[in-house]
Protein chains: 2
Amino acid sequence: MARIFTVDDLRDRLQARQHKMTPQRQMILQVFIERPGEHLSAEEVQGILRDNFDSFGMATVYRNIELLTDLELLQKIDLGDGKARYELNTKEPTSHNHHHLICIACGKISEFNDDLLDGLERSIFEKCGFEVTDHQVKFFGYCQECREAGYGAENDDAD
Amino acid sequence: MARIFTVDDLRDRLQARQHKMTPQRQMILQVFIERPGEHLSAEEVQGILRDNFDSFGMATVYRNIELLTDLELLQKIDLGDGKARYELNTKEPTSHNHHHLICIACGKISEFNDDLLDGLERSIFEKCGFEVTDHQVKFFGYCQECREAGYGAENDDAD
DNA sequence: TTTTCTGCAAACGATTTGCATACAC
DNA sequence: GTGTATGCAAATCGTTTGCAGAAAA
């Protein structure tokens, strides 16, 4: 069970760095808390917030998303679509070992947990002397629903 | 031994798609052929070519790098530095299984060959029904030289 | 009251596009 | 000749920055 961050965590971590708690920061975190499993871009976050509130500057979104990432409440992910995306971090350090499965038919993003990479990283160190501190892994392909709907490797020519 | 593409391959593949062979296309491919193992951005390619020739439009570089990638002579890679990079493809389909090791101290990019991911991809299919067609894997950390020069996880605070 | 924040608009860097000219076929 | 490619400049897209006013501590 992945325990999730709350607004209290936000307040604590802001104080620890002499940053101020603002409604904007709270609302941005709230957007992610209310949407577990989603991978939102800055633009999407602003879209959600501007629907509910009058003016919500893009710069504020960018600045605070970055801040929340620094505070390790969010995690930045690059799905290769040209814009940065973010998801709520979990309190478990194992969240590091979840990889993204990106469906090239419908765009849906799912996740896969695994620690196979630990072995790979050890063997990288042994063979190359390269000490891995972080990794980024993305798998592209067809999700179950799209495969059942006729997409997939065997139908790949059905462009 | 990875066999490398040549200008003849370029000509053949251009013809097959009724594209024309131009000096620019040839020169761009040549840049990559002469620099095996390098991961060049569009800007770097233009820089190299503009040193040797008078005018070489950025748009031409972008359009042709993309074309060469479509023709599978080049491979696009995203090292997370905000610009697309490219490397010469090899004729072996196994080139797919080389991963990039990115040193966060000196920026050097090295490579690591491995087929451990095949097992992972199989287990993704079994557990999620997701059919992987491609993957992107990057490892960040410290290369041997930088570790020996005092960088590395144990000295990470030496920012 | 002091410092940090916000929102706007302008700046930015990578990439794309429109268009007239130049070149490969 | 005909159609594709080139080079330039302007446009675009995501993101960052400068700055004056607003709000948290």
Side-chain angles (χ1 to χ4, degrees), chain A residues 7-8 10-31 39-71 73-74 76-86, chain B residues 7-8 10-31 39-71 73-74 76-86:
Chain A
V7 175
D8 288 338
L10 174 59
R11 193 187 334 273
D12 293 348
R13 295 187 183 200
L14 286 174
Q15 269 177 358
R17 293 223 212 165
Q18 57 229 57
H19 280 128
K20 294 173 176 170
M21 175 61 125
T22 68
Q24 286 89 339
R25 286 174 180 168
Q26 204 168 314
M27 288 192 276
I28 289 174
L29 180 59
Q30 201 61 37
V31 164
H39 308 79
L40 303 169
S41 66
E43 206 185 359
E44 288 165 346
V45 172
Q46 195 209 21
I48 292 164
L49 289 169
R50 216 174 20 192
D51 281 355
N52 301 324
F53 307 92
D54 37 331
S55 72
F56 208 108
M58 197 74 245
T60 302
V61 174
Y62 274 108
R63 279 190 281 237
N64 285 321
I65 281 185
E66 195 190 3
L67 176 60
L68 295 189
T69 305
D70 276 1
L71 298 176
L73 299 171
L74 297 182
K76 185 176 192 170
I77 46 189
D78 169 16
L79 298 176
D81 62 349
K83 53 190 87 176
R85 296 182 168 275
Y86 299 84
Chain B
V7 175
D8 287 338
L10 174 58
R11 192 188 335 273
D12 293 348
R13 295 187 184 199
L14 286 174
Q15 269 177 0
R17 293 224 213 165
Q18 57 229 59
H19 281 127
K20 294 172 177 171
M21 175 61 124
T22 67
Q24 287 88 338
R25 287 174 179 168
Q26 204 168 315
M27 288 192 276
I28 290 174
L29 180 59
Q30 201 62 37
V31 164
H39 309 79
L40 303 168
S41 66
E43 206 186 0
E44 288 165 345
V45 171
Q46 196 209 22
I48 292 164
L49 289 169
R50 215 174 21 191
D51 282 355
N52 301 324
F53 308 93
D54 36 331
S55 72
F56 209 108
M58 198 72 245
T60 301
V61 174
Y62 274 108
R63 280 190 279 236
N64 284 321
I65 281 184
E66 194 190 2
L67 176 59
L68 296 190
T69 305
D70 276 0
L71 298 176
L73 299 172
L74 298 182
K76 185 177 190 168
I77 46 189
D78 170 16
L79 298 176
D81 62 348
K83 53 190 87 178
R85 294 180 171 276
Y86 299 84

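This is a predicted model, so every value here is computed, not measured. Each chain gets a letter, A, B and so on, in the order its sequence line appears, and its residues count up from 1.
Counting distance only, with no hydrogens placed and no angle test, the side-chain atoms of B:Lys20 and the base atoms of D:dG3 include a donor-acceptor pair under 3.5 Å.
With C:dT15, C:dG7, D:dT4 as the candidates, the nucleotide lying closest to the side chain of A:Ala59 is C:dG7. Of the candidate nucleotides C:dT15, D:dG7, D:dT4, D:dG7 has the atom lying nearest to any side-chain atom of B:Ser55. The side chain of B:Gln24 sits closest to D:dG7 out of C:dT6, D:dG7, D:dT17. Nearest nucleotide to the side chain of B:Pro23, out of C:dA24, D:dT6, D:dG14: C:dA24.
Remark: A:Gln18 is not in phosphate contact with D:dA24, judged by side-chain N or O atoms under 4.0 Å from OP1 or OP2. Between C:dC25 and B:Gln15, no contact under 4.0 Å exists linking OP1 or OP2 to a side-chain N or O. At least one side-chain nitrogen or oxygen of A:Thr60 sits closer than 4.0 Å to the OP1 or OP2 atom of C:dG7. Contact between the side-chain N/O atoms of A:Tyr62 and the OP1/OP2 oxygens of D:dT16 is not found at any separation under 4.0 Å. Here A:Thr22 reaches the OP1 or OP2 of C:dT6: one of its side-chain N or O atoms lies under 4.0 Å away.
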Side chain to side chain contact (heavy atoms under 4.5 Å, CB included) assessment of B:Leu14 paired with B:Leu67
CA-CA 9 Å; B:Leu14 286 174; B:Leu67 176 59; 3.8 Å; yes
Quick one, B:His19 with B:Arg13, criterion side chain to side chain contact (heavy atoms under 4.5 Å, CB included). Give me CA distance, side-chain angles, the key distance, then yes/no.
CA-CA 8 Å; B:His19 281 127; B:Arg13 295 187 184 199; over 6 Å; no
Show your reasoning for whether side chain to side chain contact (heavy atoms under 4.5 Å, CB included) applies to B:Leu29 and B:Arg25.
CA-CA 6 Å; B:Leu29 180 59; B:Arg25 287 174 179 168; over 6 Å; no
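Put simply, CD1 on A:Ile65 is 14 Å from C1' on D:dT16, counting in whole angstrom units. Computed from coordinates, the B:Ile28 CD1 to D:dG7 C1' distance equals 13 Å when rounded to whole Å. In this structure, A:Lys83 places its NZ atom 12 Å from C1' of D:dT15, rounding to the nearest Å. We find that CZ of B:Arg85 is positioned 10 Å from P of C:dT15, with the value rounded to whole Å. We find that CE of A:Met58 is positioned 12 Å from C1' of D:dT16, with the value rounded to whole Å. Rounded to an integer number of Å, the gap from B:Tyr86 OH to C:dA14 C1' is 11 Å. Here the C1' atom of nucleotide D:dC8 and the CZ atom of B:Arg50 are 13 Å apart, to the nearest Å. The separation between A:Phe56 atom CZ and C:dC8 atom C1' is 15 Å, rounded to whole Å.
Here the straight-line distance linking atom CD of A:Glu43 with atom CZ of A:Arg50 works out to 8.5 Å at 0.5 Å rounding.
For B:Arg85 and B:Glu44, the salt-bridge test passes: some basic side-chain N is under 4.0 Å from an acidic carboxylate O.
Under the side chain to side chain contact (heavy atoms under 4.5 Å, CB included) test applied with A:Tyr86, the options A:Val31, A:Ile65, A:Ile28 reduce to a single match, A:Ile65.
Between A:Asp81 and B:Arg25, the residue anchored closer to the 5' end of DNA chain D is B:Arg25, taking for each the nucleotide with the nearest heavy atom. Nearest-nucleotide assignment on DNA chain C puts the 5′-proximal partner with B:Lys76, out of B:Lys76 and B:Arg11.
Within 4.0 Å of A:Arg63, counting heavy atoms only, lies at least one base atom of the nucleic acid.
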